[in-house]
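Given the structure is predicted, the values throughout are model-derived calculations rather than measurements. Below, all heavy atoms of this structure are taken into account, side chains as well, without hydrogens, waters or symmetry copies. Note that ligands are numbered from 1 as they come in the structure, with each ligand's atoms numbered from 1 the same way.
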Amino acid sequence: MRVCRTIAEIRNFVRECRAAGQTVGLVPTMGYFHEGHLTLMREAKKSCDAVVVSLYINPLQFGPKEDFAEYPRDFDRDAAMAREVGVDAIFAPPDEEMYPEGFCTYVEVTGITGRLCGLSRPGHFRGVTTVVSKLFNIVRPDRAFFGQKDAQQAMVIQRMVQDLNMDLEVVVLPTVREEDGLAMSSRNVYLSVEQRRNATVLYRSLCAFREAVERGERDAGKLRRLMVEMISSTPGAEVDYVEILSVPFLEPLEKLRGRCIAALAVRFGKTRLIDNTIVEV
Ligand code: AMP
């Protein structure tokens, strides 16, 4: 497995792959790998000849009061895990390589970024779409792999690729969960034992939502209240948002119709966790 720290190095690697007639898959990550990341890498490996994993904690997508400085980092562990699943190259650039002095160009998706995490984290998606555009330009992958765990991010990237005619396929893969249902996240390590135990309410509230929809409930307000009540009555859980919106335009709904997403962000102390589920009515 090649470890590249500069854009020139990863471009060289990709050039060699292309010269050998290989297709290239890209898995963008911020590192501190768990089974969710590894699943994306394995799937990428199945459908592409060469897999590049980018490992970059993008400062541009963190707000001034967010956890950029504390975000968990362990390059050696990540590199070993990526090698184990057959990743061909890791691109882990320093900040100066991605944002050299004078950098002043941004990519912004409007509309759907004005809801959910876009409201709680102003500027977050502008940071995401800017860095992902840069990664796409640097690696020029045939396919890029993202997780449903970050549903809004996946939708925003799909929108960007479509609107800007980027020549690649975006693949979105299901959320990988712990045995008790908690969505895997690098941020789960921030949770205390008690918070970790209580955090299972997120998945339980999404299951309750799905079950109620299956029983025939279509009233978005009622479904939302059901989830909010479950979460709010859990010790230490502070709701940031619980929303039920249409897919893919993320418009508010009174009655569920077509594809709908129930998405939530909840704080346990300093730790903000997100999760979601999509239903087809
Ligand atoms: P991150 O390193 O958290 O930025 O995540 C990198 C990629 O892995 C993103 O496309 C995420 O959506 C995806 N991902 C993170 N957690 C999970 C999970 N539990 N299941 C599936 N994909 C995930």
Looking at R5 and E97, does any basic side-chain N land under 4.0 Å from a carboxylate oxygen? no
If you link ILVMFWY side chains whenever their heavy atoms are less than 4.5 Å apart, which other residues fall into the same cluster as Y190? By chain and number, please. M30, Y32, I57, F62, F68, Y71, V189
Distances under 3.5 Å, N/O of ligand 1 against N/O of the protein: list each pair and its distance.
{"unit_1": "ligand 1", "atom_1": "2 (O)", "unit_2": "M30", "atom_2": "N", "d": "2.9"}
{"unit_1": "ligand 1", "atom_1": "2 (O)", "unit_2": "H37", "atom_2": "NE2", "d": "2.8"}
{"unit_1": "ligand 1", "atom_1": "5 (O)", "unit_2": "H37", "atom_2": "NE2", "d": "3.4"}
{"unit_1": "ligand 1", "atom_1": "10 (O)", "unit_2": "G147", "atom_2": "N", "d": "3.0"}
{"unit_1": "ligand 1", "atom_1": "12 (O)", "unit_2": "G147", "atom_2": "N", "d": "3.2"}
{"unit_1": "ligand 1", "atom_1": "12 (O)", "unit_2": "G147", "atom_2": "O", "d": "3.2"}
{"unit_1": "ligand 1", "atom_1": "12 (O)", "unit_2": "D150", "atom_2": "OD2", "d": "2.6"}
{"unit_1": "ligand 1", "atom_1": "16 (N)", "unit_2": "M184", "atom_2": "O", "d": "3.4"}
{"unit_1": "ligand 1", "atom_1": "19 (N)", "unit_2": "V176", "atom_2": "O", "d": "2.9"}
{"unit_1": "ligand 1", "atom_1": "19 (N)", "unit_2": "M184", "atom_2": "N", "d": "3.4"}
{"unit_1": "ligand 1", "atom_1": "19 (N)", "unit_2": "M184", "atom_2": "O", "d": "2.8"}
{"unit_1": "ligand 1", "atom_1": "20 (N)", "unit_2": "V176", "atom_2": "N", "d": "2.8"}

Tell me who clusters with L226, hydrophobic residues only, linked when side chains sit under 4.5 Å apart either directly or through other members. none
Q162: which residues meet the side-chain hydrogen bond (donor to acceptor under 3.5 Å, both in side chains) condition with it, sequence neighbours left out? none
Going through the checks in order, is the salt bridge (charged side-chain N to carboxylate O under 4.0 Å, His left out) test met by E16 and R2? CA-CA 12 Å; E16 287 166 26; R2 191 95 57 98; 2.7 Å; yes
Hey, are D275 and R177 close enough for a salt bridge, meaning a charged N less than 4.0 Å from a carboxylate O? yes
